[in-house]
Every structure is written in structure tokens, then in C-alpha cells.
Amino acid sequence: MDKKDFGKKLLPFVLSFAVIILDQVTKILIVKNIQYGTIGAQFFGDFLRIVHISNKGVAFSVGATWSQTIRQLLFSLLPLVVIGIVIAVYFRNDDFSALQRWAIAGIVGGGLGNLIDRWFRKEGVVDFIDVKFFGIFGLERWPTFNVADSAVVVCGLLLIISFAAALKEKK
């Protein structure tokens with residue numbers, strides 16, 4: 001791979017670093033300014049709330065009550081291995097579109113943002129965005145999330161859509 005191709009592949013990781021920085025800065029601000037377990041601000045009535053909670057599990061608090069050893073293995077080491085594999089595939093593959101590369105970089109940034117919390121915050125991952133969900137799927141409120149979670153979900157959806165569009169073009 002020549003320098004130009006390597007540079008094209010490296011550039012999207014600017015998004016990874018931006019997500020990590022934004023994620024960590026917002027979490028620091030939340031921890032510093034909002035007492036744990038309280039609502040710091042509300043917008044549009046109670047549609048959007050900024051709160052301070054933490055999660056030792058993963059999405060929807062799955063695994064939060066599991067032993068520390070199992071959580072560390074499954075939620076800290078395994079994701080790091082997966083991120084490593086994703087990055088290796090990313091650099092070896094020349095077929096990803098620009099959108100797919102940026103989406104993968106956003107997912108990597110979000111994954112690393114939450115891993116930083118798992119490694120350095122004894123209370124777990126800091127979550128603070130709380131959105132009303134109006135009883136859809138039996139949920140009055142969507143599970144509280146953070147910037148890293150948002151990056152993983154949005155970029156993951158973009159990646160899936162781009163793969164689906166690429167498959168449709170090949171038909």
C-alpha cells in the first residue's frame with residue numbers, strides 16, 4: 001500500500017479521536033457538575049433530560065450484576081480484541097467506500113470511548129442522555145446513553161445501510 005492509500009485509510013480515524021474526546025469531555029462535565037442519580041437539566045418538558053448515572057453492564061444494563069471478573073473479560077477484553085480485528089480488516093481491505101471507512105472509524109471511536117470508562121472508572125460507563133420513549137416497546141424512557149453509544153449506533157446504521165446499498169448496486 002502506498003502512502004496516498006494509507007493516508008486515505010488513516011484520515012477517517014480523525015472521527016475516532018473526535019468521538020473519544022467529545023465522549024470523555026462530556027462525561028467529565030457530567031461527573032463534575034451533576035450529582036450522581038439526579039437530573040441536571042430538562043428540555044422540551046421532560047422529553048430530553050441530562051442525568052448522571054453509570055452502567056457496569058452493556059446496552060440496557062445487560063450483565064451489570066455479573067461478577068467483576070466476567071464483566072472485565074466480556075466487556076473490556078473481548079471488545080478490545082474485536083476492535084483490533086475490525087481495524088486489521090479495515091486496513092487490509094481496499095473495497096470499503098469512503099462512507100464505510102468513516103462509519104467504521106466512528107464505531108471504533110465509540111467503542112474505545114466506552115472502554116476508557118470500563119478501564120478507568122470504577123463506577124462503570126457514565127451515561128447521561130435520557131430520552132422519553134412514550135411507551136414504545138413497553139419503555140417509558142429509552143435506556144440512558146452517552147456520546148460513544150450514539151456514535152456506535154449512528155455509524156453502525158450508516159454502515160449497514162451502505163452495505164445494503166452496495167449489495168443492491170451489484171444486483
Side-chain angles (χ1 to χ4, degrees), residues 12 15-83 85-86 99-100 102-165 167-168:
L15 178 59
S16 299
F17 290 110
V19 167
I20 292 167
I21 290 167
L22 183 60
D23 179 62
Q24 290 302 307
V25 166
T26 55
K27 289 172 179 176
I28 288 167
L29 290 170
I30 293 300
V31 168
K32 185 175 180 165
N33 295 301
I34 300 176
Q35 183 178 348
Y36 185 83
T38 65
I39 300 169
Q42 289 191 145
F43 304 95
F44 312 109
D46 70 342
F47 176 74
L48 172 64
R49 301 188 305 198
I50 305 300
V51 301
H52 178 188
I53 66 165
S54 61
N55 180 3
K56 290 188 177 188
V58 289
F60 302 96
S61 295
V62 170
T65 60
W66 298 351
S67 77
Q68 176 70 15
T69 306
I70 291 174
R71 281 196 323 266
Q72 279 185 310
L73 180 66
L74 291 178
F75 305 151
S76 295
L77 296 177
L78 187 60
L80 185 61
V81 169
V82 170
I83 288 170
I85 291 168
V86 166
L99 175 62
Q100 291 165 342
W102 283 90
I104 291 168
I107 293 167
V108 167
L112 290 174
N114 279 336
L115 280 178
I116 289 168
D117 281 22
R118 292 187 194 290
W119 295 331
F120 298 108
R121 293 182 189 273
K122 65 179 172 25
E123 68 273 14
V125 175
V126 173
D127 289 326
F128 58 90
I129 303 168
D130 179 54
V131 179
K132 192 169 194 162
F133 210 57
F134 304 104
I136 301 170
F137 303 122
L139 301 171
E140 192 55 38
R141 304 199 72 79
W142 188 253
T144 308
F145 57 99
N146 57 46
V147 171
D149 298 333
S150 299
V152 169
V153 170
V154 170
C155 292
L157 288 171
L158 283 173
L159 189 61
I160 290 167
I161 291 167
S162 70
F163 282 144
L167 284 174
K168 190 175 179 182

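Worth knowing before you read on, the calculation uses all heavy atoms, side chains too, and leaves out hydrogens, waters and symmetry mates.
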With sequence neighbours excluded, what pairs up with F17 under the ring pair (Phe, Tyr, Trp, His ring centres under 6.0 Å) test?
-> none
Which pair of non-hydrogen atoms, one from K132 and one from E140, has the smallest distance, and what is that distance?
-> CE-OE2, 3.5 Å
Non-hydrogen side-chain atoms of P79 and L115 separated by less than 4.5 Å = yes
Side-chain donor-acceptor pairs under 3.5 Å in residues 36-45, sequence neighbours left out?
from, atom 1, to, atom 2, distance (Å)
Y36, OH, S54, N, 3.4
Y36, OH, S54, OG, 3.3
T38, OG1, Q35, O, 2.6

Are a donor atom and an acceptor atom from the side chains of D117 and N55 found within less than 3.5 Å of each other?
-> no
About how many Å separate CD1 of I129 and CD1 of I53, when rounded to the nearest 0.5 Å?
-> 11.0 Å
Would you check if V31 and R121 make a side-chain contact, meaning some heavy-atom pair closer than 4.5 Å?
-> yes
Nearest-0.5 Å distance that lies between atom CD1 in I104 and atom CG in L15 = 11.5 Å
Give a yes or no answer on whether the side chain of N146 reaches the backbone of V126 with a donor-acceptor pair at less than 3.5 Å.
-> yes
Note: A148 and D23 closest approach over all heavy atoms is N-OD1, 3.0 Å
Close side-chain approach of F128 to I34, heavy-atom, < 4.5 Å = no
What pairs of donor and acceptor atoms, side-chain ones from residues 151-161 against any protein atom, are under 3.5 angstrom apart with sequence neighbours left out?
none

Rounded to the nearest 0.5 Å, the CG atom of N33 sits from the CD1 atom of I28 at a distance of 11.0 Å
Any chance you could measure W142, atom CH2, to D130, atom CG, to the nearest 0.5 Å?
-> 12.5 Å
